[in-house]
Amino acid sequence: MATTQKSLIESVPKGLLIAGTWREGSDGQTIAVEDPSSGATLAHVADATVADGKAALDAAVAAQGDWAKTPPRDRGEILRSAFEKITERAEDFATLMTLEMGKTLAESRGEVTYGAEFFRWFSEEAVRISGRWSTAPNGATRLLTMKKPVGPTLMITPWNFPLAMGTRKIGPAIAAGCTMVVKPASQTPLTMLALAELLRECGLPDGVLNVVTTSRTGDVMEPLIRDPRLRKLTFTGSTNIGRRLVEQSAEQLLRVSMELGGNAPFLVFEDADLDRAVDGAMLAKMRNIGEACTAANRFYVHESVVEEFSAKLAKRMSALTLGKGTKKGVDVGPLIDGKARDGVAELVEHARSQGATVVTGGKAAPGRGYFYEPTVITGVRKDARMMREEIFGPVAPIASFSTEQEAIDLANGTEYGLASYVFTNDLGRVIRVSEALEYGMIGINQGIISNPAAPFGGVKASGFGREGGFEGIEEYLETTYVGIAP
Ligand code: NAP
């Protein structure tokens, strides 16, 4: 590893951040953080115990009162200053992320821009929280509504976007005046630890943001979720874990937001601009090595253009270079771990065993690291596992359809409802299909839809709640109604 990379990792705090102090886990244990391109250990971070988790919540609860009273402008300025500092240190954040998560530096730079933008957006929203004054219909009373911060919030984030999945929650929580305990994924904690230190430098008061890394995840998180002092849980991760956390939070009827898994359909109609559709497919499929909840998981292409589309996509996919994300000229990094790579390989084998054709790719790359080749598979059956499950890797399965209604039915034929993509030049079709798709987000003629100014979130088994946009801050606010007799 280059000396600069080594010193960058050394500069990141490795402890738990509790009440403004970095400290070791109470039993002194640590978690190893791995470089997925080689399997080498990058660093060790503290491994919190149940008592450490409780101490983090104690700190958040203690800080809540004063934090809620802090002027909105002051809260906004902390976010604004954090936005500027992240932007100044963009290269360091991008390098850290690439080292612990695997994606290329170009992609990590993109995430730094995207992730920082949530802080800028919510720095502007902090000063626009307001209520309403009205007269009751019968004229007897005045109705006042005011917004208050929900209170101490537990944030659990995944490994695939180590920065942005954090800033998307931390930004609106700071803007709204909530304190928090953040639990980053065990595989990618370094980016979050660096972010927490940066927020301290920007003047975030002690106890407002506490960070707990732990390998005893369920044991440490469950008591917090069941603690009546906690007022909100926001989770981004898999649908299975999300279901479990909703069950745990039901006991105290905790306010919950769930950003869960996806199974995005990518529809290409016969009137689409095919080159634009292929450009969109490359982004929707290959952003983040396919390890994104918004990743195009199933390509449904009209039967009259399916051959041409598949050939063009396969040509682009086969030209991609696999390798370590920090290396020049590399387009696709490794998957997060061996389990993820083997899972992708199993899905491909299953489709192959059902008679699908692998046009390009179709195997793991030999050697160290968890690489899987960019893959295009055609003639995939509708009941293939990869059409029903999240692939979370660089594999594009393609099937054809013949009518608009069939495309809509195929797209909606899943328990998930996060992102979807439609390529067509027919305005009427844009309206009909957008109205019919059971998804939280729809990209028309574009392969990336995430935007800090837009409400991100899903329906059905993809969860509930929205992050970003005007809606994002509402997740961290309660409405109190006061009736006033004149
Ligand atoms: P995951 O296994 O569900 O883990 C997500 C987070 O939950 C991690 O911090 C993990 O901690 C924690 N966790 C695991 N078991 C837990 C438990 N019993 N109690 C409390 N927390 C627990 O998901 P992942 O594999 O990291 O992430 C990929 C998934 O996230 C995919 O399904 C993807 O679609 C989804 N995702 C959704 C969105 C969205 O906005 N909808 C965005 C990104 C990703 P450990 O790391 O310590 O296990």
Side-chain angles (χ1 to χ4, degrees), residues 31-34 36 45-48 50 53 100-101 111 114-115 118 154-169 181-192 211-226 230 233-249 256-264 287-297 335-337 339-340 343 389-393 414-419 439-441 449-452 454-468 472 475:
I31 312 171
V33 182
E34 196 182 74
V45 300
D47 188 357
V50 173
E100 65 178 347
M101 187 274 167
E111 183 180 341
Y114 173 58
F118 284 102
L154 175 61
M155 304 176 169
I156 304 179
T157 58
W159 49 262
N160 59 346
F161 292 99
L163 183 78
M165 298 302 96
T167 56
R168 216 157 78 163
K169 299 180 190 305
V181 175
V182 181
K183 212 285 307 161
S186 301
Q187 285 166 308
T188 57
L190 299 174
T191 305
M192 180 61 74
V211 182
V212 164
T213 46
T214 181
S215 68
R216 297 163 268 196
T217 311
D219 292 346
V220 176
M221 292 296 107
E222 186 167 353
L224 302 190
I225 294 168
R226 294 188 189 278
L230 187 76
L233 165 67
T234 170
F235 172 78
T236 299
S238 59
T239 294
N240 276 347
I241 302 285
R243 280 201 177 99
R244 208 183 302 167
L245 300 184
V246 169
E247 273 175 32
Q248 290 172 12
S249 51
V256 175
S257 307
M258 287 279 146
E259 298 286 350
L260 307 177
N263 181 5
R287 176 175 177 236
N288 228 44
I289 327 170
E291 294 173 312
C293 51
T294 50
N297 208 62
L335 296 176
I336 191 70
D337 55 26
K339 194 170 155 228
E389 299 172 24
E390 250 186 328
I391 300 172
F392 243 56
T414 170
E415 65 166 338
Y416 296 103
L418 190 64
Y439 284 84
M441 297 177 285
I449 44 178
S450 304
N451 190 310
F456 187 105
V459 299
K460 295 162 71 182
S462 292
F464 40 82
R466 292 293 179 268
E467 294 189 321
E475 301 282 330

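Just so it is clear, the values below take in all heavy atoms, side chains as well, and ignore hydrogens, waters and symmetry mates. The shown structure was predicted, so the numbers you read here are calculated from the model rather than taken from an experiment. In what follows, residues are counted from 1 in the order of the sequence shown. Note that ligands are numbered from 1 as they come in the structure, with each ligand's atoms numbered from 1 the same way.
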Check: What heavy-atom pair brings Ile391 and Asn297 nearest, and what distance separates the two atoms?
Finding: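 Between these two residues, the closest heavy atoms are N-OD1, 2.9 Å.
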* To do: Please examine the side chains of Phe456 and Met441, heavy atoms only from C-beta on, and report whether any two atoms are closer than 4.5 Å.
  =>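 Met441 reaches Phe456 side chain to side chain.
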> side chain to side chain donor-acceptor pair (under 3.5 Å) with Glu111: which residues, sequence neighbours excluded?
Replying inline: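 With neighbours one apart ignored, the set is Lys103.
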Practice task
Mind checking side chain to side chain donor-acceptor pair (under 3.5 Å) for Ser215 and listing every partner two or more places apart, or none if nothing turns up?
Solution key: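 Only Asp47 meet the side chain to side chain donor-acceptor pair (under 3.5 Å) criterion with Ser215.
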Q) Is the Lys NZ or Arg CZ of Arg287 less than 6.0 Å from the centre of Tyr114's six-membered ring, within 45° of the axis? A)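 Ring-cation test returns yes.
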### Under the salt bridge (charged side-chain N to carboxylate O under 4.0 Å, His left out) test, residues paired with Glu291 that sit two or more places apart
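Result, salt bridge (charged side-chain N to carboxylate O under 4.0 Å, His left out) vs Glu291: none returned.
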Exercise. What does the list of residues with a heavy atom under 4.0 Å from ligand 1 look like, ordered by chain and number?
Worked result: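 Under the 4.0 Å cut-off, ligand 1 touches Ile156, Thr157, Pro158, Trp159, Asn160, Met165, Arg168, Lys183, Pro184, Ala185, Ser186, Thr214, Thr217, Gly218, Met221, Phe235, Thr236, Gly237, Ser238, Ile241, Arg244, Leu245, Glu259, Leu260, Gly261, Gly262, Cys293, Glu390, Phe392, Leu418, Phe456.
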